[in-house]
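Worksheet for the structure shown next.
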Amino acid sequence: MTDTDVDALLIGGGVASAAAAAELRKQGFAGSIALVTRELDPPYRRPPITKQLLGPEAGDTDLAVVSPQWWDDNDVQLRTRSAVLSLDTETRTATLADKTEIRYRSALLATGAMVRRLSLPGSANAGIHYLRAPANAHKLRAQAAAAHRAVLVGGSFISAEVAASLTESGVECTMVMPERAPLETAFGPEVASHVARLLTARGVTLVCGEQVSEFTGDGTATGVRTASGRDIPGDLVVVGSGAVPDTKLARKAGLRLGPSGGILCDRTLCTSATGHWAAGDVCEYHSEVHGRALRVEHEDHAIAQGVTAAHGILGQPVAHREVPYFWTELAGWARFEYVGPATQWDRTRVTGSWDSDFTVWYERGGRVVAALTSGRPEDLDRARAEIVRA
Ligand SMILES: Cc1cc2nc3c(=O)[nH]c(=O)nc-3n(C[C@H](O)[C@H](O)[C@H](O)COP(=O)(O)OP(=O)(O)OC[C@H]3O[C@@H](n4cnc5c(N)ncnc54)[C@H](O)[C@@H]3O)c2cc1C
């Protein structure tokens, strides 16, 4: 196999890596860049997977982050279907699955996250879906065409988005979750109650306070059974039980991990090995803004971190001071935008009206630590400014 040398090796084919490549060229980086991804496709966006790709307009949805010519035009070597198997951080050498060795000056680890799979009786049944890549959505959509009922496992935004999308396609949806209402873990009980009202008003059935203990069916999923013994039937089961950072490569390379299981980085997104940076879902950095190690799985934040890491690769490291931003959309029914994140708050304040547009302000010790809005995006700027000052 031909060995090569590159100045910047970007590992991972998500938005974080793509943003780093774009920022390097934008800043006039004249060195060679290679982006290596085990995906079949060049970098693409994931949010449409649970939204447009499950809806009637799926065929027109282009997920690519940049046009196919962009890579050549910007002299970025794109290696799809190529996994990096190991990294020697001392000699700065990456070994790919086909045994090619790439020597590099700087590396970005943007290996993202993987779905958290539930290991329960019946897990091997056909008809149990997890969503991370477009192919997962295509398969679900094809099966949904012949399905009457779907069970969504989990109270996550993924489950809520899929419930909304499938309901729009005429599938009866039931969400089963241990929480008292969807999205409660991230956004608290008031927002969760609002989302519950919204979903049930559109025909989604909610089974709350119940843990799924088994997938029912003999080879093919027929639904789920809860810990309390309740059977919930469905021709389809979709699991939205979160994601885990993909740190396999980082662990093998001996990089330090953080308390949330991501690759531990300093405030400039430099990992425990000099010249090795991390960005996106896999990155757990010291956030000066929050005063703690932070890891989020938000698309815009992954892009922003790709940009920050590029400055490190350029030899001009800067602290990553972005306030993480997240958005979610339930079919065309509602869109929520959020800045934070807050894990603890002692008070919430609501401005506006739950029936039209509103903002929920999360406060701790009299200071805003997060805000969620539906229809009042200008409030997010105010919240950002307060979060940064806090
Ligand atoms: C279905 C879905 C819906 C979402 N919706 C929203 C939303 O509405 N709003 C929002 O803000 N966020 C949303 N997100 C989250 C957002 O998509 C992620 O935060 C973002 O994609 C993270 O980008 P990334 O580049 O860090 O990682 P990823 O997109 O996970 O990319 C990592 C890449 O690295 C590759 N890789 C891993 N290891 C190796 C290796 N050793 N060698 C080569 N390649 C490797 C992987 O194959 C993958 O291509 C959603 C996520 C999903 C899955």
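This structure is a prediction, so every number in the text was calculated from the model and none was measured. For ligands, and for the atoms within them, numbers begin at 1 and follow the listed sequence.
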Practice task
Give the single entry among Phe157, Tyr325, Tyr44 that approaches atom 14 (N) of ligand 1 most closely by any heavy atom.
Solution key: Phe157
Handout entry: Proximity of Val115 to ligand 1 by residue part, where a heavy atom lies under 4.0 Å
Key = neither
Practice task
For Ala113, take its heavy atoms, then give the atoms of ligand 1 lying under 4.0 Å from any of them.
Solution key: 30 (O)
Exercise for the section: Output yes when the distance from some N or O of ligand 1 to some N or O of Glu299 is under 3.5 Å, and no in every other case. Expected result: yes
Problem - Cation-aromatic face contact Arg347/Tyr362, 6.0 Å, 45 degrees - result: no
Handout entry: Pair Asp346 + Arg364: basic N to acidic O under 4.0 Å
Key = no
Fill in the blank from the handout: shortest atom 15 (C) of ligand 1-to-protein heavy-atom contact is with Glu297 O, 3.8 Å
Exercise for the section: Would you please indicate yes or no on a ring centroid separation below 6.0 angstrom for His301 and His320? Expected result: yes
Exercise for the section: Examine distances only and state if a side-chain atom of Ser165 and a backbone atom of Glu161 form a donor-acceptor pair shorter than 3.5 Å. Expected result: yes
Exercise for the section: Please identify which atoms of ligand 1 are closer than 4.0 Å to at least one heavy atom of Gly14. Expected result: 25 (O), 29 (O), 31 (O), 33 (C)
Handout entry: Taking atom 2 (C) of ligand 1 as the reference point, the nearest protein heavy atom with its distance
Key = Ile158 CD1, 3.5 Å
Handout entry: Nearest protein heavy atom with distance in Å, relative to atom 7 (C) of ligand 1
Key = Trp327 O, 3.3 Å
Problem - Salt bridge present between Arg149 and Asp235 (N-O < 4.0 angstrom) - result: no
Practice task
Please state which part of Asp246 comes within less than 4.0 Å of ligand 1, counting heavy atoms only: side chain, backbone, both or neither.
Solution key: side chain
Problem - Shortest protein contact, atom 25 (O) of ligand 1 (heavy atom only) - result: Ala16 N, 3.0 Å
Handout entry: Of Phe187, Trp361, Phe157, Phe326, the residue whose pairing with Tyr338 passes ring pair (Phe, Tyr, Trp, His ring centres under 6.0 Å)
Key = Phe187
Exercise for the section: Ignoring hydrogens, just give me the one of Ala110, Cys283, Gly12 whose non-hydrogen atom is nearest atom 32 (C) of ligand 1. Expected result: Ala110
Problem - Beyond-backbone contact of Val153 with Val237, side-chain heavy atoms, under 4.5 angstrom - result: yes
Exercise for the section: Decide if atom CZ of Arg335 counts as having more than 12 heavy atoms of other residues, nucleotides or ligands within a radius under 6.0 Å. Expected result: yes
Problem - Shortest protein heavy-atom distance from atom 44 (N) of ligand 1, along with the residue and atom involved - result: Arg38 N, 3.2 Å
Exercise for the section: Check whether any side-chain heavy atom of Pro134 sits under 4.5 Å from a side-chain heavy atom of Tyr44, and report yes or no. Expected result: yes
Completion exercise
The closest protein heavy-atom partner of atom 6 (C) of ligand 1 is Pro47 CG, 3.6 Å
Completion exercise
Closest to atom 33 (C) of ligand 1 (heavy atoms only, candidates Gly13, Pro134, Gly112) is Gly13
Problem - Under-4.0 Å heavy-atom contact with ligand 1, by part of Glu161 that carries it - result: side chain
Practice task
Would you mind listing which atoms of ligand 1 come within a distance below 4.0 Å of any non-hydrogen atom of Thr37?
Solution key: 43 (C), 44 (N), 49 (O)
Problem - Proximal atoms of ligand 1 relative to Thr111 (non-hydrogen, under 4.0 Å) - result: 32 (C), 34 (O), 37 (C), 38 (N), 39 (C)
Practice task
Please state whether Met114 comes within less than 4.0 angstrom of ligand 1, counting heavy atoms only.
Solution key: no
Problem - Contact check: Thr50 vs ligand 1, nitrogen or oxygen atoms, below 3.5 angstrom - result: no
Practice task
Kindly indicate whether a cation-pi arrangement holds for Lys51 with Trp327, taking the cut-offs as under 6.0 Å to the six-membered ring centre and within 45° of the axis.
Solution key: yes
Handout entry: Between CG on residue Leu380 and CD on residue Glu337, distance to nearest 0.5 Å
Key = 5.5 Å
Completion exercise
among protein heavy atoms, the one nearest atom 26 (O) of ligand 1 is Asp281 N, 2.9 Å
Fill in the blank from the handout: Ranking Arg45, Lys51, Glu39, Arg46 by closest non-hydrogen atom to atom 5 (N) of ligand 1, top hit is Lys51
Practice task
State the atoms of ligand 1, each with its element, that fall below the 4.0 Å cut-off from a heavy-atom position in Phe326.
Solution key: 9 (N), 10 (C), 11 (O), 12 (N)
Problem - Within-4.5 Å side-chain heavy-atom neighbours: Phe358 and Ser353 - result: no
Handout entry: Proximity flag Ser82 to ligand 1, non-hydrogen atoms under 4.0 Å
Key = yes
Handout entry: Sidechain N-carboxylate O distance under 4.0 Å for Asp281, Arg132
Key = yes
Fill in the blank from the handout: protein heavy-atom neighbour closest to atom 41 (N) of ligand 1 works out as Val84 O, 3.0 Å
Practice task
Run the salt-bridge test on Glu299 and Arg46 with the 4.0 Å N-O cut-off and return the result as yes or no.
Solution key: no
